[in-house]
Structure formats: structure tokens, C-alpha cells
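Structure first, commentary second.
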Amino acid sequence: MPERRSLIAGNWKMNLTLKEAGSLIQAVLNDIRGLEGVDILVAPPFTSLHAVRRAIGDSGILLAAQNMHPERNGAFTGEVSGPMLVEAGCTHVILGHSERRSIFGETNEMVNLKVGAAFREGLIPIVCIGESLEQREAGRTFDVIKAQLEGSLKTLLDDRNMPDSLILAYEPVWAIGTGKTATPDQAQEVHAFIRKWIHDTFDPSTAGRIRILYGGSVKPDNAADLMSRPDIDGALVGGASLKAEMFIPIIRF
Ligand code: PGA
């Protein structure tokens, strides 16, 4: 079994002013000095990216944007492109978050275009997938996950080439921001399904290397249990990543 380094990622969503973002990143930096064996990533709003990049310096903390447009430039009012994110200091970009899908109408086709554009620009995509409560209760979880994987990663699938750097995040919609976490068994079951899908669709070595994060009400008191499962390689944390006293214990799970 190849080693997959744990990754704890904080998705700040549309929260924190520039000043607040600066205080939070400083608190995280102060606490993680010398910490080894875990990758840490933060995804601030666009307006804080550059400042947070400067603050994290050579600490090794990774920086992600929360979205991007697939074109490099053009008449797309309100959008931000891959080269702009690279210039701001991003190494990663979250794509297809359920809030993008449900509130802003983002489809698998759009996510697929963005995944291709991210790789072309040298950004590592963190592709989010997850079923709604209705879909889970109807017993459709695996069908939904499979359809999202096939649609959001279509070009990679057509080319039969999934770069090992790609990160997937399983975020059951019913667990996001609700305080309702998937049990470690529920999460592991879906993570194992996703890894098997990669194994069968691409190849065993890729399946062994891709990191699959769990997201949805991750808190200090449930992080260790989730992360102890064999196919859960880290966490995408929303609410609990906004306060150092919550985020740090998760990083130190
Ligand atoms: P939450 O959000 O931790 O607040 O549930 C997770 C996410 O949406 O990435």
C-alpha cells in the first residue's frame, strides 16, 4: 500500500475579512511550527489569497482558491481565471463544491472543463462530490457518486489518465454545515467505493495514490475517528476551519 500523506484543508467559504484572515493564518502558523506528517491547506476568498500567500511564506501551508473559470481571460464578468490564481500564489483549487453546484448551478460538465483548465495552468484540483439526503434515503448514493465522478472527470476518463496529484473530496450534502457528520463507517464505505472506481476505471497504482478527503461537519471531536479509516486521507473542513482553536486540533488529530 503506498503512503498517502494526510491532508487537512480549511475551506473558508465567503467568510473573514482581510484582517481576520491575517489573524487566523498567523495563529495557525504559530501553532504548527515543527509539525510533521500532515499537509495543511487553506482556501480563503479571492480577495485574501495574495495576502495569505505572503503570510504563509515558506511554512509549507498550501493555498487554494474556492473556484475558477475554465477560460484564461475574456468577457466573463465576476469570474477569476487559473493564471490569476497562480499569480496570487495558489497551488490548488477547489472545484465542484456542493454549494457551487446547488446554489450557482454548476454542472458536472462545467466541473470537467475546470478540472482540465486547472491542470493546464499547473493547479491541483480538489474535486468535490457527494449525495443529497434524498438521494441517500432513496438508496442512490453510489449511483450519484459514480455519475459525478464520470461527469466531473470526463476528460481524464476519455484520456485514461488521472494525475496522482488530483484530490477528491467526498462531502455528503446532508452533512455540510448541518452539524450532522457521516459516521466513520458511512464515510469509509463511500471512500472505498470511490477508490475502487479509480482502481477499475484507471489503474491500481493511481487508486493507491489519490487522496480522498472527507468533508461535512468535521470537528475536533470526530476528526481522529474519521481519519483512522483506511480510505479517508484527510478532511475538507468548513465551519471549524474559521477558528484557530477548532482548526488546530483537527490538524493535530
Ligand atoms: P462544514 O463544511 O465543515 O462547515 O460542514 C464543509 C465544506 O463545505 O467543505
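Reckoned from all heavy atoms, side chains included, excluding hydrogens, waters and symmetry mates.
- Formation of a donor-acceptor pair under 3.5 Å by the Q148 side chain with backbone atoms of G130 is found in this model.
- Atom NZ of K146 sits about 13.0 Å away from atom CZ of R140, to the nearest 0.5 Å.
- Side-chain contact between L168 and L153: present, with at least one pair of heavy atoms (C-beta onward) separated by less than 4.5 Å.
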field: Check against side chain to side chain contact (heavy atoms under 4.5 Å, CB included), L236 and L41
entry: CA-CA 9 Å; L236 182 53; L41 176 148; 5.7 Å; no
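- Rounded to the nearest 0.5 angstrom, R53 CZ and S48 OG are separated by 14.5 Å.
- Distance CD1/I145 to CD1/I129: 4.5 Å, rounded to 0.5 Å.
- The shortest distance between side-chain heavy atoms of N112 and S152 does not fall below 4.5 Å.
- Residue S132 is tested with Q135, E134, R136 for a side-chain hydrogen bond (donor to acceptor under 3.5 Å, both in side chains); the sole match is Q135.
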field: Full working for side chain to side chain contact (heavy atoms under 4.5 Å, CB included) between F253 and D225
entry: CA-CA 9 Å; F253 74 90; D225 206 5; over 6 Å; no
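- Grouping the Ile, Leu, Val, Met, Phe, Trp and Tyr side chains by contacts below 4.5 angstrom, directly or via other members, places V173 apart from V190.
- Side-chain atoms of L63 and L49, non-hydrogen and from C-beta on, do get closer than 4.5 Å to each other.
- Under the salt bridge (charged side-chain N to carboxylate O under 4.0 Å, His left out) criterion, D185 pairs with R229, not counting sequence neighbours.
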task: List the steps, then state whether side chain to side chain contact (heavy atoms under 4.5 Å, CB included) holds for L149 with L157.
output: CA-CA 9 Å; L149 287 166; L157 208 55; over 6 Å; no
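- Atom OG1 of T206 is separated from atom NE2 of H199 by 10.5 Å, given to the nearest 0.5 angstrom.
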Verdict with supporting geometry, E171 and H97, side chain to side chain donor-acceptor pair (under 3.5 Å): CA-CA 8 Å; E171 299 205 302; H97 188 279; 3.2 Å; yes
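- In the hydrophobic clustering of this structure, I56 does not group with L7; members are Ile, Leu, Val, Met, Phe, Trp, Tyr whose side-chain heavy atoms approach within less than 4.5 Å, directly or through other members.
- Note on R195 versus D233: salt bridge recorded, some NZ/NE/NH1/NH2 to OD/OE distance being below 4.0 Å.
- Counting only distance, with no hydrogens or angles, the side chain of H92 and the backbone of A64 share no donor-acceptor pair below 3.5 Å.
- A side-chain donor-acceptor contact under 3.5 Å links R4 to the backbone of G208.
- Paired with V115 under the rule side chain to side chain contact (heavy atoms under 4.5 Å, CB included), one option of L156, T155, V93, L123 passes, and it is L156.
- The nearest pair of heavy atoms linking A240 to K219 is CB-CD, 4.3 Å.
- Put simply, V218 and I176 are part of two different groups of oily side chains (I, L, V, M, F, W, Y) that touch within less than 4.5 Å, one to the next.
- Linking Ile, Leu, Val, Met, Phe, Trp and Tyr whenever their side-chain heavy atoms come within less than 4.5 Å puts V38 and I32 in one cluster.
- With respect to E150 and K154, no salt bridge is recorded, no charged nitrogen being found less than 4.0 Å from a carboxylate O.
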message: Assess the residue pair E131 and Y170 against the criterion (side chain to side chain donor-acceptor pair (under 3.5 Å)); give the C-alpha distance rounded to whole Å, side-chain angles, the decisive distance to 0.1 Å, and a yes or no.
response: CA-CA 9 Å; E131 81 287 1; Y170 168 58; 2.9 Å; yes
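- Every residue two or more places apart in sequence or in another chain that forms a salt bridge (charged side-chain N to carboxylate O under 4.0 Å, His left out) with R211 is listed here: D39.
- Side chains of V80 and N67 form no contact here, defined as non-hydrogen atoms less than 4.5 Å apart.
- Around atom CG of N73, no more than 12 heavy atoms belonging to other residues, nucleotides or ligands sit under 6.0 Å away.
- Within the 3.5 Å criterion, the main-chain N or O of M68 finds a donor-acceptor partner in the side chain of K114.
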query: Where do T183 and Q188 land on the side chain to side chain contact (heavy atoms under 4.5 Å, CB included) test, with the steps shown first?
result: CA-CA 8 Å; T183 64; Q188 166 58 27; over 6 Å; no
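- Sorted by first and then second residue, the ring-ring contact (aromatic ring centres under 6.0 Å, His included) pairs involving residues 105-161 (not counting sequence neighbours) are F142-F193.
- In this structure, OG on S241 lies 11.5 Å from CD1 on I248, to the nearest 0.5 angstrom.
- Taking W197 as the reference, F202 meet the ring pair (Phe, Tyr, Trp, His ring centres under 6.0 Å) condition, with sequence neighbours excluded.
- The two residues G215 and P172 come nearest to each other via the heavy atoms O-CD, 3.4 Å.
- Rounded to the nearest 0.5 angstrom, L95 CG and I124 CD1 are separated by 12.0 Å.
- Proximity of a side-chain donor or acceptor of Y214 to a complementary backbone N or O of P184 within less than 3.5 Å is not detected.
- Contact record, V111 with G96: CG2-CA, 3.7 Å, taken as the closest heavy-atom pair.
- V86 and I61 fall within the same hydrophobic cluster, defined by Ile, Leu, Val, Met, Phe, Trp and Tyr side-chain heavy atoms under 4.5 Å apart, directly or through other members.
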Pairs under 3.5 angstrom only: tabulate donor-acceptor contacts from the side chains of residues 13-29 to other protein residues two or more places apart or in another chain.
unit_1	atom_1	unit_2	atom_2	d
K13	NZ	E99	OE2	2.8
N15	ND2	W12	O	3.0
T17	OG1	K19	N	3.4
T17	OG1	E20	N	3.1
T17	OG1	E20	OE1	3.4
E20	OE1	T17	N	2.8
S23	OG	K19	O	3.1

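- Under the salt bridge (charged side-chain N to carboxylate O under 4.0 Å, His left out) criterion, R252 pairs with D31, not counting sequence neighbours.
- Listed for the N222 side chain is a donor-acceptor partner under 3.5 Å among the backbone atoms of S217.
- Side chains of L213 and I232 form no contact here, defined as non-hydrogen atoms less than 4.5 Å apart.
- With contacts defined as side-chain heavy-atom distances shorter than 4.5 Å, the pair S81/E71 does not qualify.
- Put simply, the side chain of L166 reaches to within 4.5 Å of the side chain of I210, judged on heavy atoms.
- Nearest heavy-atom pair, G82 versus E121, reported as atom, atom and distance to 0.1 Å: CA-CG, 4.0 Å.
- Using a 4.5 Å heavy-atom threshold, the side chains of F247 and L242 count as separate.
- Of all the heavy atoms in P220 and P249, the pair that sits closest is CB-CB, 3.9 Å.
- What you find for L226 and A187 is that their closest heavy atoms are CD2-CB, 4.1 Å.
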